[in-house]
> 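Here it is, the structure in full.
Read the numbers this way: they start at 1 and go in the same order the structure lists the ligands and their atoms. The analysis underlying the following values was restricted to heavy atoms, covering all of them including side chains, and did not include hydrogens, waters or symmetry mates.
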Amino acid sequence: MRLHPDYADLAALQESEETRKSSRKEILIVQPYMKHPLQNRWTLWFYKNDKNKPWQANLRLVTKFDTVEDFWALYNHIQLASRLMSGCDYAVFKDGIEPMWEDNRNKCGGRWLITLSKQQRMLELDQYWLETLLCLIGEAFDDYSNDICGAVINVRAKGDKIAIWTCDTENEEAVLHIGKTYKERLGLPMKVVIGYQAHADTATKSGLGVKNKFVV
Ligand code: MGP
């Protein structure tokens, strides 16, 4: 059947509208919403002190994440560190590294340690821990981010601690760059000194405390 020219135009218009709609559908299908990938996949661990069990048995893997969105979903879902019971830890480590001295990637490593006074729990603890996590997942340490293993927060009645763990105490350039950048990112004043300690020294410490291998 031949259409009147006006109707032929209309039919062509309708057809092109249909084509446009279906191609738009295709675009929506082939371009689904994408989460923003992180450079690394990370694991969150939780430690709850039960004195009847050996240290390692109190450590639990909670979950893994590798996108910005999943990080925030997790961060907003879990308890703030300042609300944890004393004796608990969070640890966030690169996928495949366990948050303990014995792991192959930690055994020659050490930590930049931030020690906090009891008063700082309410004022700075959560802010410092969030900044620490953002340094990790945002790969804030430039070429030295490879040396990063993870970070730990210890909530303790005697005073809380936050630390960034690196893999090699002998890699002075990396350790110092990480320490300086970390101190800057936390906004610590120049006069505050933070120390880097080898895990080997922490694990075998006597009553005298652990010596700093580096300070910034
Ligand atoms: P801690 O939890 O790191 O610090 O270590 P806390 O509770 O402030 O105690 P302090 O000794 O630093 O004042 C407490 C204890 O947990 C250590 O003495 C070890 O017995 C054990 N522990 C801690 N870490 C991180 C490890 C680890 O990586 N491996 C093993 N085997 N034990 C650990």
> With a 4.5 Å cut-off on side-chain heavy atoms, are Asn106 and Trp101 touching?
no
> Ring centres under 6.0 Å, that's the criterion: do Tyr196 and Trp112 meet it?
yes
> Output every pair passing side chain to side chain donor-acceptor pair (under 3.5 Å) with a member in residues 146-159, not counting sequence neighbours, ordered by first then second residue.
Asp89-Asn154, Asp89-Arg156, Asp147-Asn171
> Got a sec, which pairs hit salt bridge (charged side-chain N to carboxylate O under 4.0 Å, His left out) with one end in residues 98-122, sequence neighbours left out?
Arg121-Asp160
> So which protein residues pack against ligand 1 under 4.0 Å, heavy atoms counted?
Trp55, Met100, Trp101, Glu102, Arg156, Lys158, Lys161, Lys205
> Go through the structure and list residues passing side-chain hydrogen bond (donor to acceptor under 3.5 Å, both in side chains) with Lys35, not counting sequence neighbours.
Asp70
> Could you check if a side-chain atom of Phe93 sits within less than 4.5 angstrom of a side-chain atom of Leu44, using non-hydrogen atoms only?
no
